[in-house]
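Values reported hereafter were calculated over all heavy atoms of this structure, with side chains retained and with hydrogens, waters and symmetry mates removed. Numbers restart at 1 for each chain; the letters A, B, ... are given by sequence-line order, proteins then strands.
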Protein chains: 2
Amino acid sequence: MSSKADTPSTKPLSNSQRAFLALRDMIFAGDLAPGSDHLESELAEQLGVSRTPVREAALMLESQGLLELRPRKGVRILPVSPDDMAEIYDVLTELECLAARNAANKGYSEPDLDPLAKAIEDMEVAVAQNDLENWAEADDRFHRALVLLGGNSRAATVFDMMNDQVRRARTVTLFMRPLPVQSNEDHRQVFEAIKAGDAGTADAVHRAHRQNAKNMMLELLKKHRLRGV
Amino acid sequence: MSSKADTPSTKPLSNSQRAFLALRDMIFAGDLAPGSDHLESELAEQLGVSRTPVREAALMLESQGLLELRPRKGVRILPVSPDDMAEIYDVLTELECLAARNAANKGYSEPDLDPLAKAIEDMEVAVAQNDLENWAEADDRFHRALVLLGGNSRAATVFDMMNDQVRRARTVTLFMRPLPVQSNEDHRQVFEAIKAGDAGTADAVHRAHRQNAKNMMLELLKKHRLRGV
DNA sequence: GCATTTATTAACGCATACGTAAATTCATGC
DNA sequence: GCATGAATTTACGTATGCGTTAATAAATGC
């Protein structure tokens with residue numbers, strides 16, 4: 001679920017890194033609400049460390065656009081407005097379509113595409129069971145697998161950053177949306193296009209897919225007056 | 001020349017921010033060579049501050065992919081391999097083409113496009129005078145103005161990060177390349193397409209333009225055996 | 001009673017100090 | 001003479017302390 005590569009190797013994570021992960025999780029879980037302010041010292045106490053690792057974590061999170069360090073006001077958890085979300089979706093669309101084209105052009109064999117196939121399967125099962133949580137998880141997995149198959153590590157890094165924000169918004173909007181039936185069909189078409197080495201189709205289908213997702217999200221945010229998630 | 005917005009307002013920059021800018025400039029100037037290691041304490045002494053602001057700056061630069069903090073080995077200035085450069089160009093291409101399409105669709109009036117026009121003029125003058133330095137500066141200005149006209153602040157932020165790396169490489173390769181004559185013609189076509197509201201043409205022309213730039217850069221890096229700049 | 005100035009508080013930026021663990025050097029045994 | 005282990009060095013991670021300054025409260029003038 002983390003956007004960083006979860007290497008199973010047991011590395012002795014530093015306090016700064018733990019603070020980074022903890023704060024990130026708290027933001028996604030809503031424990032640190034969008035728009036809220038938090039003093040470094042309060043966060044330090046909550047995490048049981050001194051201000052130093054909290055500051056370091058905050059600086060990293062600031063670089064990723066999740067919060068803002070405002071002198072004397074504490075760290076501000078940045079709300080994501082509908083306009084922000086539109087921006088994010090547009091960037092994600094470009095990066096994912098780049099990945100889709102690249103993946104199609106790489107001539108992957110079937111086993112390489114297993115992560116995609118598995119994610120599609122899981123999504124179909126989830127939809128059949130009306131299990132939106134699991135659908136969302138598998139959907140996320142599909143998109144990330146797609147980007148990884150694209151083979152551009154920088155695109156993947158930026159994708160992770162942006163996708164984190166979408167995930168955050170989706171925890172709010174997930175249960176407001178209709179069942180993602182068309183979405184699953186899109187995924188399968190993208191998968192087939194990549195397998196067939198048809199970069200143009202992969203791009204076109206995925207682009208339309210993402211456009212729909214963007215419109216859906218913006219509609220939900222508008223309908224429910226969610227001006228900052 | 002800085003990638004951050006240079007607001008002329010005199011804000012009392014913090015030591016951490018100054019360290020960030022100073023280290024960034026030192027990296028671009030080659031004072032901190034690609035692949036070299038530097039102790040936090042050494043950098044602190046060079047900059048005349050304590051380790052704290054240096055560490056904070058280093059963490060930010062790490063987030064931007066310019067260096068890496070390696071415990072006990074100092075901060076390592078990340079070299080950019082030809083493969084890395086290819087990745088960077090691909091991401092830049094997508095973001096700039098997104099911006100070109102968006103700009104074309106916004107129905108800008110002539111004055112809005114002045115930054116582009118001015119950059120094109122300057123480039124033509126520079127080429128006529130065989131002044132590669134000024135050409136590169138104006139070229140950079142054109143691309144950045146294009147991204148700003150696209151109106152996606154997140155795309156602009158990522159653009160800045162990636163473009164910084166290209167700038168770094170270009171300081172090395174600038175004088176190895178032929179005069180950018182075709183490049184100027186491309187810019188003008190992109191400009192005209194945006195002015196005409198023709199998003200498709202703007203995208204197509206700019207995409208080809210960027211593809212050429214990428215190939216040019218990769219050729220130069222290969223020809224001159226620059227495996228890490 | 002309101003505006004303006006002064007005093008107070010408090011949060012941060014940054015320097016500093018220190019424990020820890022990696023890296024290096026040195027010493028010892030084989 | 002080399003390998004292995006002990007001692008030492010060193011750089012980092014992080015806690016702590018302090019000066020500065022923004023924000024808030026109090027006080028004064030009008």
[X]: partners by side-chain contact (heavy atoms from CB on, under 4.5 Å), with sequence neighbours left out:
X        : answer
B:Gln46  : B:Met26, B:Leu43
B:Arg207 : A:Arg101, B:Thr93, B:Glu94, B:Cys97, B:Arg101, B:Asp203
B:Asp122 : B:Lys118, B:Ala138, B:Arg141
A:Thr171 : none

Nearest-Å distance for atom pair [atom1]/[atom2], residues [X] and [N]:
X       : N      : atom1 : atom2 : value
A:Arg76 : C:dA11 : CZ    : P     : 17 Å
A:Glu45 : C:dA10 : CD    : C1'   : 15 Å
B:Glu62 : D:dG13 : CD    : C1'   : 14 Å
A:Leu43 : C:dA11 : CG    : C1'   : 13 Å
A:Leu59 : C:dC14 : CG    : C1'   : 13 Å
B:Asn15 : D:dG19 : CG    : P     : 17 Å
B:Leu13 : C:dC14 : CG    : C1'   : 15 Å
B:Asp37 : C:dA23 : CG    : P     : 12 Å

Open item on the list: Under 4.0 Å, heavy atoms only, any strand: does A:Ser14 hit a base, just the sugar-phosphate, or nothing?
Closed with: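 Sugar-phosphate, no base atom in range.
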Open item on the list: For B:Asp112, is there an ion pair with B:Lys106 - N to carboxylate O distance below 4.0 angstrom?
Closed with: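 Salt bridge absent between B:Lys106 and B:Asp112.
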Show every donor-acceptor pair shorter than 3.5 Å between a side-chain atom in residues 30-39 of chain B and any protein atom, with sequence neighbours excluded, or say none if there are none.
residue	atom	partner	partner atom	Å
B:Ser36	OG	B:Ala33	N	3.3
B:Ser36	OG	B:Ala33	O	2.5
B:Ser36	OG	B:His38	NE2	2.6
B:Asp37	OD1	B:Arg76	NH1	3.3
B:Asp37	OD2	B:Arg70	NH2	3.3

Task: Phosphate contact (D:dT14 OP1 or OP2) by A:Ser16 side-chain N/O below 4.0 Å - done: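 Yes, because at least one side-chain N or O of A:Ser16 sits under 4.0 Å from OP1 or OP2 of D:dT14.
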Table of protein N/O atoms under 3.5 Å from nucleotides 8-11 of chain D N/O atoms:
residue	atom	partner	partner atom	Å
D:dA11	N3	B:Arg72	NH1	2.4

